[in-house]
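Counting starts at 1 for both ligands and their atoms, following the listed order. In what follows, every heavy atom counts, from backbone to side chain, and hydrogens, waters and symmetry copies are set aside.
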Amino acid sequence: MIHWLESVDSTNRWALEARLALWDAVVAREQTEGRGRRGRYWKSPPGGLYMSIVVENEPLLPLRAGLATRDALQLHCPGRIGVKWPNDLLCDGAKLGGVLCEAESDRAVAGIGVNLEGDSPVGGATTLEVVGGSLPPAADWQTCIKPLTIAIITSLQRLVQLPAPEFLARYRLHEQLLGKPVAWDGGHGTALSIGTDGALEVRTATGTERLHAGEVSLA
Ligand code: BT5
């Protein structure tokens, strides 16, 4: 079941507290306190997609949710949409969306935010409209984004069934960091691969490092 809200502080907070069933989702037209990772914010005015899906928790969930969103959005976008480990969606080199998974025991909510209409709500990011894409017009916001939300849920349902190696083979096709020089807090190197536990494997001057979370940028 999909719950539709005109306004909410955070769909992730709402979904965690509402104790929804597996694969239920909540979609809001706007969020007043949208969450990013590590206490950061997610600016969420009307004109974006703000959705949380209840899923079984597992280490690759953020990557699977990102790829599911990428695949569903790509059908509406002339430019190539990529994923950037661990949780960004990029188009034309700018952030189009992000994923925040928050776990509660064996359940997690996969929170997905995508900028759809108008100019980007924050500097340096982008929207589907800015990169030349659009959803089919509809009478109201709910009718407009419902097919996209269903496509994301359906895609995620398929992706969670794939064994890690098979999923990662697909994910790597769209990962923007692989083969490139990258830097992170504490080092730099060349991004080599994504491990079956979701870690980013990087070759450095002294060997191989496995990054499990954090910020990695193209060097
Ligand atoms: C993310 O965090 O990218 C995860 C965003 C997840 C948002 C969804 S919306 C539905 C669900 N409910 C929630 O409350 N959250 C999830 P992070 O990598 O930490 O990126 C956050 C940073 O991106 C901020 O510090 C800003 O610099 C930037 N930012 C904020 N709003 C943005 C936006 N609308 N578009 C692009 N960048 C943004």
Donor on one side chain, acceptor on other, [X] and [Y], under 3.5 Å:
X: Arg172; Y: Ser193; result: yes
X: Glu6; Y: Trp141; result: yes
X: Glu209; Y: Thr204; result: no
X: Ser134; Y: Glu129; result: no
X: Ser52; Y: Asn12; result: yes

Considering only non-hydrogen protein atoms, determine which one is nearest to [atom] and report residue, atom name and distance to 0.1 Å.
atom: atom 22 (C) of ligand 1; answer: Tyr41 O, 4.0 Å
atom: atom 15 (N) of ligand 1; answer: Arg35 O, 2.8 Å
atom: atom 25 (O) of ligand 1; answer: Arg40 CD, 3.3 Å
atom: atom 31 (N) of ligand 1; answer: Lys43 N, 2.9 Å
atom: atom 5 (C) of ligand 1; answer: Trp42 CE3, 3.5 Å

Heavy atoms only: give me the nearest [X]-[Y] pair and the separation to one decimal.
X: Ile145; Y: Leu135; answer: CG2-CD1, 3.7 Å
X: Gly118; Y: Val130; answer: O-CG2, 3.6 Å
X: Arg35; Y: Trp42; answer: O-CB, 3.7 Å

Under 4.0 Å from a heavy atom of [X]: which atoms of ligand 1 are those, numbered in the order shown and with their elements?
X: Pro121; answer: 34 (N)
X: Val122; answer: 29 (N), 30 (C), 31 (N), 32 (C), 33 (C), 35 (N), 36 (C), 37 (N), 38 (C)
X: Ser10; answer: 12 (N), 13 (C), 14 (O)
X: Met51; answer: 10 (C)
X: Gly34; answer: 14 (O)

- request: Identify whether the distance between the nearest side-chain nitrogen and carboxylate oxygen of Glu58 and Arg64 falls below 4.0 Å.
  value: yes
message: Closer than 4.0 angstrom, basic N to acidic O: yes or no for Asp197 and Arg210?
response: yes
Heavy-atom nearest option to [atom], drawn from [options]:
atom: atom 35 (N) of ligand 1; options: Asn115, Thr126, Leu16; value: Asn115
atom: atom 12 (N) of ligand 1; options: Lys95, Arg13, Gln31; value: Gln31
atom: atom 2 (O) of ligand 1; options: Glu102, Glu33, Arg37; value: Arg37
atom: atom 11 (C) of ligand 1; options: Val99, Thr11, Val8, Leu96; value: Thr11
atom: atom 1 (C) of ligand 1; options: Leu100, Leu89, Val114, Asn87; value: Asn87

task: Say whether Ser120, considering both its backbone and side-chain N or O atoms, lies within less than 3.5 Å of an N or O atom on ligand 1.
output: no
message: Can you confirm whether more than 12 heavy atoms, excluding those of Asp185, are under 6.0 Å from its CG atom?
response: no
- request: Check Asn12 against ligand 1 and report side chain, backbone, both or neither, counting heavy atoms closer than 4.0 Å.
  value: both
task: With heavy atoms only and a cut-off of under 4.0 Å, state how Ile112 meets ligand 1: side chain, backbone, both or neither.
output: backbone
